[in-house]
Engineer: 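Structure provided below as structure tokens; questions to follow.
Treat the numbers as computed from the prediction; the structure is a model and nothing was measured. Proteins come first, then strands; the chains are lettered A, B, ... in the order of their sequence lines, and each starts at number 1.
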Amino acid sequence: MIFNSLTFFFFLGVVHLVYSLPLSWRVRKTHLWLSSYIFYAAWNPPFVLLLWISTCVDWVAGQRIHRARKKEHKRLFLVLSLLVNLGLLGYFKYGNFLLETFTVILAGIGINYQPPMSQLVLPVGISFYTFQSLSYSFDIYKGKLEPWSRFSDFAFFVTFFPQLVAGPIVRAADFLPQCTTSQRATATQMGWGLSLLVLGLFEKVILADAMLAPVADTVYGNVGSAGTMDAWVGVLAFSGQIFFDFSGYSLCAIGVAMTFGFVLPDNFRFPYAAIGFSDFWRRWHISLSTWLKDYLYIPLGGNRKGGLRTHVNLMITMLLGGLWHGASWTFVAWGGLHGIYLVLERLLRQWLGRMPFVTTAPMRPVLALTTFLMVAVTYVFFRAETFGDAFALLVLMFNGVDASLLALPQSMRVIFLVGTLFVIHYAMRNSSLEALAARLSPVWRWAVPAAALIVLCVYRGGERAFIYFQF
Amino acid sequence: MPLFTSSSSKRATEDLSLIDWRRLWGRILIVVMLIIGVWEAYWRLAGFTPGIADDWRIWGLLRRQANGSSETVALIGASRILLGLDPAILEERINAPVYMLAIDGSNPLPVLENLVEDEGFNGRIICSLTPYWLATDTSTRMDRSAGWLRSYRQQKLSSRVETRLSLVAQSHLVFRNAELAPTELWRQWRKGESINPPYAPLRPDRYRPADYSKIDLQALRRSRIERSRQMHAEAAVLERETFQERTATIASWVRALGERGGSVAFVRFPSCGAIREIERQTAPQKHFWQVFADKVEAVNASVIHFEEYPELSDFTCMDGSHLQHDDAVRFTRNLEKILGQKGFWAPEK
């Protein structure tokens, strides 16, 4: 069930109807929990079992880690949780990838081995709920959290449908306390939650799917017949598409949760206005980058063990972060490029620190634009099906080929849209959507959501799933 | 109460809570309903009626419903049966469920094979066969039916529910018509084309009642003849042996379905004028249809060629290839009678 579907709105209406009844908090909470299973089962009912396994394992692991007196015992239960969660993730998501890689390595040393590839279907959202559930065990192991007393609350935390399949990845410490008191959305939460839902849908359906995706698909699907201009437009189109797609999903998730009175963490903070790559990762997919920082980068030693080790830790974190996105070496390359950017930025910062003009006001938009364009280039590896396509597109971007795959108005539309996106992000880089909404004049406050709703009602598009569902 | 656990400042949250959200959203909903209402009324006044956009999801919904009862009648073929046989009329006359499983511009044989292979289906099939699909080598042609069958098999529960809800919306709201999608309107406006209601809108039961008074019939007829000529010119007529192999395969399907209580009627729907002539040249009746009929009748299939029945042959295909709605209703009644005379509706057949 995707947010941009009639089924979801029907489901949401029914869930809200029951939730609004004068029932006890426990009943209403259980209703949300069970409805979340229905939401997930709509894709593939048997995969609910995986959700249960993840939930039960981390529930038990959390209890045992807390109860264990010796450090080794605590570690044993943490390892158990890791093995089960990452084992399931590895089996379903990376099984074929590992097998293919193994086959290539064998072929490299002259052994022709052709194992049968399994026909496994990737359980939707497995990377998200695995990380969310794992964070609970990690936090108890690190002594940051005590095991929760009620299993149903914990299961509800893992399953809560708005964020179940594509985040934001919520921390138990942020969510579970909200289960202790009866939640009903205030008028502000309901109103603002609905506004975020409409904005998120508009970003996804109109901006990502209708305006940018066709251009990105055309360029990435026909690299051989594209010219340099097409390549740049395609890369920009995908940069815009992935932002609108994923930020649209996050806004919908946060908005829907808010209409039930639940607060979820923010996932994007105008990332295309980032100045530098560490700033980018503080603004892009915030719930994943903080997860990787807290549970991977810092345990590896973070920046506490000297310059070289910091750079190695950064690279490991970003390479694994890339792999988290998809079972392909192109995603690893995408993560690796970001790792290299972060390392270079650290080195550069030491050097540029002696040049104060770099941080002056006129330089900031230049640095932001440079960061954006460099991030856009990394998406070539994220979007391309193969390394061959990715390198062909990169070469095309810089060698001045005069072919034209896209019509000029199509290219201009993408440049205008992505350019506007950059300008808005830059203008809003130190602000928030809430601040913007609070500043809007009363007419704009109702006219903008009304216009977005009208466009969404009359627009007819295909059922394009959110890009991050595949992760 | 914070709105996000991060990023939002306390000040912004406080400012948002000063807004009268009930009034704001009340106003938004009124404006949206008003504008959508005006939009809907405008297109209704322009002669548009609610119409369904055909796709594999809707087809898949009906395909699933076709299973389970020996009373069921599945209609398969391409546009000729989609425009030429009204399932509602047939359903009323035979008092049994009828499902339109024809796919516009496609080969009916993959769908026939799918129904035969599916043990859950044991009903009756009316298959519209044209000389093109019967007698030419279509193996290199991209065929929609194969794609639809593949997608339907993988359809998720949520997609099925979505299709049902979407059908409800499309059956009641004109502005949900595919022709009135903003991108389509923009395209037509840029080309300077007038925006007219479709002459053969799809009904929820997937029948397409055609009203040729709504279009430039001469232009349509010319394009149909041209397309037909091109299709037949590009397709190689089957060698005798290959044709006999195909016929034998179809006969084996009929036999297999018959063994579990189902039956098949092959119907050659009317075509007229130049298109009929093109078909006659490609696949002379004596060498193809007759050979095919002899073979499948031997395994208890019913075979009906419109030219062999006066009550099916006195129709004018307005565009050379398809019936208009009034004629389709009459054709349906006449075909039902003929099939009845052949014992097709009898339970033991």
Engineer: First locate atom CG of B/Leu165, then atom CZ of A/Phe8, and finally report the distance between them rounded to the nearest 0.5 Å.
Structural biologist: 13.5 Å

Engineer: Measure the spacing between CE of A/Met1 and CG of B/Leu157 and express it to the nearest 0.5 Å.
Structural biologist: 8.0 Å

Engineer: At their closest point, which heavy atom of B/Ala169 faces which heavy atom of A/Leu6, and how far apart are they?
Structural biologist: CB-CD1, 4.4 Å

Engineer: Can you name the residues that form a side-chain hydrogen bond (donor to acceptor under 3.5 Å, both in side chains) with B/Arg160, not counting sequence neighbours?
Structural biologist: none

Engineer: Please find the pair of heavy atoms, one from A/Tyr459 and one from B/Pro182, that lie closest to each other, and give the distance.
Structural biologist: CA-CD, 3.9 Å

Engineer: Please look at B/Asp20 and chain A and tell me whether the side chain, the backbone, both or neither of the residue comes under 4.5 angstrom of a heavy atom of that chain.
Structural biologist: neither

Engineer: Heavy-atom count check: over 12 atoms from other residues, nucleotides or ligands less than 6.0 Å from B/Arg64 CZ?
Structural biologist: yes

Engineer: Please list all pairs passing the salt bridge (Lys or Arg N to Asp or Glu O under 4.0 Å) test where one or both residues lie in residues 22-44 of chain B, with sequence neighbours left out.
Structural biologist: B/Glu40-B/Arg44

Engineer: Within residues 187-201 of chain B, which positions have a heavy-atom distance to chain A below 4.5 Å?
Structural biologist: none

Engineer: Does atom CZ of A/Phe9 have more than 12 heavy-atom neighbours, drawn from other residues, nucleotides or ligands, at distances under 6.0 Å?
Structural biologist: yes

Engineer: Please test A/Thr188 against B/Ile19 for side-chain contact (heavy atoms from CB on, under 4.5 Å), starting from the C-alpha separation and ending with a verdict.
Structural biologist: CA-CA 8 Å; A/Thr188 306; B/Ile19 297 169; over 6 Å; no

Engineer: Do you know which two heavy atoms are closest between A/Thr7 and B/Ser158, and how far apart they sit?
Structural biologist: OG1-O, 3.7 Å

Engineer: Got more than 12 heavy atoms from elsewhere within 6.0 Å of OH, A/Tyr37?
Structural biologist: yes

Engineer: Can you name the nearest heavy-atom pair linking B/Glu162 to A/Ser5, along with the distance?
Structural biologist: OE1-CB, 3.1 Å

Engineer: Name the residue from B/Leu34, B/Val32, B/Ile28 that meets the side-chain contact (heavy atoms from CB on, under 4.5 Å) definition with A/Ile454.
Structural biologist: B/Val32

Engineer: Is A/Val455 close to chain B through its backbone or its side chain, or both, or neither, when contacts mean heavy atoms under 4.5 Å?
Structural biologist: neither

Engineer: Does any backbone or side-chain atom of B/Ile35 lie under 4.5 Å from a heavy atom of chain A? Answer side chain, backbone, both or neither.
Structural biologist: side chain

Engineer: Between B/Trp21 and A/Ala187, is there a donor-acceptor pair closer than 3.5 Å when you use the side chain of the first and the backbone of the second?
Structural biologist: no

Engineer: Using atom types as modelled, flag every donor-acceptor pair under 3.5 Å from a side chain in residues 442-450 of chain A to any protein atom, sequence neighbours excluded.
Structural biologist:
| from | atom 1 | to | atom 2 | distance (Å) |
| --- | --- | --- | --- | --- |
| A/Arg445 | NE | A/Ala437 | O | 3.2 |
| A/Arg445 | NH2 | A/Ala438 | O | 3.2 |
| A/Arg445 | NH2 | A/Leu440 | O | 2.8 |

